[in-house]
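The structure under discussion appears below in the form of structure tokens.
The structure presented is a predicted model; accordingly, all values stated were derived computationally and were not measured. Only heavy atoms go into these numbers, but all of them, side chains included; no hydrogens, no water, no symmetry mates.
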Amino acid sequence: MNYAFAPTPIISIPVMSSDPFPVRRIYCVGQNYAAHAREMGSDAGREAPFFFTKPAQAVLPNHAVMPYPPGTSDLQHEVELVVALSRGGRDIPLDKANAHIFGYAVGLDMTKRDVQRTARGQGRPWDMSKGFDYSAPCTAITPTLRTGVITKGKIELKVNGETRQSSDVDDMIWTIPEIINYLSQQVELYPGDLIFTGTPAGVGAVVKGDLIEATIAGLEALVITIG
């Protein structure tokens with residue numbers, strides 16, 4: 001088929017011992033750890049989860065330099081367990097959800113916090129605080145054949161060697177099967193979709209020159225420099 005101009009190249013993420021994973025869409029769960037919800041000034045109760053998205057082009061590979069983005073003076077880190085889907089569907093049952101997972105990765109939901117606060121205060125969408133260029137650094141995906149189903153494990157983030165965030169994946173308010181089940185009731189999921197599952201408490205600002213090290217037990221560590 002001919003196009004008016006060359007289509008955008010497919011964005012992909014490396015996979016441990018496999019071909020690259022083609023990224024379709026990136027869904028992010030908001031405030032899925034109670035302590036983080038509280039530090040953001042929200043009720044930590046178990047309300048229905050909410051989601052926002054990032055474009056596939058927001059992916060930044062491991063060991064890269066992330067350019068400090070324009071339009072902010074408060075760039076903040078949020079470490080998250082990333083779920084990569086190899087099967088899609090609508091209304092995916094809870095007991096079938098894990099079968100849709102291809103693998104897991106460590107990701108960062110980088111956020112322009114000042115932009116987000118301003119947009120929230122004005123009752124406007126805050127897409128530009130989350131979906132900007134290079135806002136989704138991500139490691140290679142480790143397939144479930146290696147990890148099994150992840151339900152727990154230490155999740156941690158350090159900046160210049162200092163621990164900022166430290167928790168456990170089983171502290172999530174909504175479990176991964178619940179996230180997949182609920183999200184698939186709102187939109188049809190597809191192979192290639194990524195789900196960032198929320199961040200623990202301890203989010204904070206980074207500046208040019210900072211080294212971010214994000215880890216989740218059993219997965220490749222994510223190392224990013226702010227440039």
On a heavy-atom basis, the closest approach of Pro20 and Pro22 is O-CD, 3.5 Å
Subject >> Side-chain heavy-atom pair Arg146, Ser17 within 4.5 angstrom cut-off >> reply: yes
CD1 of Ile13 to CG of Leu60, rounded to nearest 0.5 Å, is 10.5 Å
Given side chains that start at C-beta, do those of Thr225 and Ile212 come closer than 4.5 Å, heavy atoms only?
no
| Close side-chain approach of Gln165 and Ile155, heavy atoms under 4.5 Å | no
Is a side-chain N or O of Asp210 found less than 3.5 angstrom from the main chain of Val159, in a donor-acceptor match?
no
**Ile150 side chain near Leu81 side chain, heavy-atom distance below 4.5 Å** = yes
(request) Dump the intermediate steps for side chain to side chain contact (heavy atoms under 4.5 Å, CB included) on Met110 and Leu75, then the final yes or no. (result) CA-CA 7 Å; Met110 299 301 292; Leu75 177 66; 3.9 Å; yes
- Does the side chain to side chain contact (heavy atoms under 4.5 Å, CB included) test come out yes or no for Gln57 and Thr8, once each step is laid out? CA-CA 10 Å; Gln57 289 78 9; Thr8 303; 3.6 Å; yes
When Thr111, Thr53, Ile26 are each screened for side chain to side chain contact (heavy atoms under 4.5 Å, CB included) with Lys130, the one that passes is Thr111
Backbone of Gly153 reached by a side-chain donor or acceptor of Asp168 within 3.5 Å:
yes
Taken to the nearest 0.5 Å, the spacing of Tyr27 OH from Phe196 CZ works out to 13.5 Å
Here the gap from Ser184 atom OG to Lys96 atom NZ, rounded to the nearest 0.5 Å, amounts to 14.0 Å
Exercise. More than 12 heavy atoms of other residues, nucleotides or ligands under 6.0 Å from CG of Leu211: is that the case?
Worked result: yes
Practice problem: For the pair Ile180 and Leu85, evaluate side chain to side chain contact (heavy atoms under 4.5 Å, CB included) and give the outcome as yes or no after the intermediate values. | Solution: CA-CA 10 Å; Ile180 293 172; Leu85 302 183; 4.1 Å; yes
Applying side chain to side chain contact (heavy atoms under 4.5 Å, CB included) to Val65 and Ile224, what does each step give before you reach the verdict?
CA-CA 6 Å; Val65 174; Ile224 294 293; over 6 Å; no
Heavy atoms of Gly88 and Pro191 approach each other most closely as N-CD, 3.9 Å
- Under 3.5 Å, is there a donor-acceptor pair between the side chain of Glu188 and the main chain of Arg90? no
- Consider only side-chain heavy atoms of I, L, V, M, F, W and Y, link residues closer than 4.5 Å, and tell whether Ile216 and Ile101 are in one cluster. yes
Check: Ser73 main-chain N/O paired with Asp114 side-chain donor or acceptor under 3.5 Å: yes
By side-chain contact (heavy atoms from CB on, under 4.5 Å), Thr163 pairs with (sequence neighbours left out) Glu156, Lys158, Ser166
Note: Pro69 and Lys112 closest approach over all heavy atoms is CB-CE, 3.7 Å
Side chain proximity check, Ile179 to Asn32, heavy atoms < 4.5 angstrom
yes
Ile226 with Val59, same ILVMFWY side-chain cluster at under 4.5 Å | no
I'd like to know if the side chain of Asp74 and the backbone of Arg113 have a donor-acceptor N/O pair within less than 3.5 Å.
no
Q) Is Leu108 reachable from Ile141 through a run of I, L, V, M, F, W or Y residues, each pair having side-chain heavy atoms under 4.5 Å apart? A) no
Exercise. Do Leu94 and Val83 belong to the same hydrophobic cluster, where Ile, Leu, Val, Met, Phe, Trp and Tyr are linked whenever their side-chain heavy atoms lie under 4.5 Å apart, directly or via other members?
Worked result: no
Applied to residues 77-133, the ring-ring contact (aromatic ring centres under 6.0 Å, His included) test, sequence neighbours excluded, yields Phe21-Phe102, Phe52-Trp126
For Gly71 and Val115, the nearest pair of non-hydrogen atoms, with its separation, is O-CG2, 3.3 Å
Rounded to the nearest 0.5 angstrom, the OH-CE distance for Tyr33 and Met172 is 4.0 Å
When rounded to the nearest 0.5 Å, the distance separating CD of Glu162 from CD of Glu213 is 12.0 Å
Quiz prompt | Heavy-atom side-chain proximity of Asn62 to Glu220 below 4.5 angstrom | solution = yes
Smallest heavy-atom separation, Pro143 atom then Val15 atom, equals CG-CG1, 3.8 Å
Heavy-atom closest pair (Asn160 atom, Gly209 atom, distance to 0.1 Å) is OD1-O, 4.2 Å
Practice prompt. Verify the cluster assignment for Ile195 and Ile92: are they in a single hydrophobic cluster under the rule of side-chain heavy atoms below 4.5 Å apart?
Written response: yes
Q) Are side-chain heavy atoms of Tyr134 and Pro67 found at a separation under 4.5 Å? A) yes
>> Quick one: does any side-chain atom of Glu178 pair with a main-chain N or O of Thr175 as donor and acceptor, under 3.5 Å?
In response: yes
Going through the distances and angles, do Asp127 and Lys54 end up as a salt bridge (Lys or Arg N to Asp or Glu O under 4.0 Å)?
CA-CA 8 Å; Asp127 300 58; Lys54 293 176 182 274; over 6 Å; no
Review point. With a 4.0 Å cut-off, would you call Asp193 and Arg25 a salt bridge?
Key: no
**Q.** N/O donor-acceptor pair under 3.5 Å between Thr199 side chain and Val79 backbone
**A.** yes
- prompt: Is a side-chain N or O of Thr139 found less than 3.5 angstrom from the main chain of Ala221, in a donor-acceptor match?
  reply: no
CG (Asp109) and CD (Gln76) are apart, to the nearest 0.5 Å, by 10.5 Å
TODO: Ignoring hydrogens and angles, tell me if any N or O in the side chain of Gln116 forms a donor-acceptor pair with the backbone of Ser129 under 3.5 Å.
DONE: no
Q.
In the structure I gave you, are the side-chain heavy atoms of Gln122 and Arg117 within less than 4.5 Å of one another anywhere?
A. no
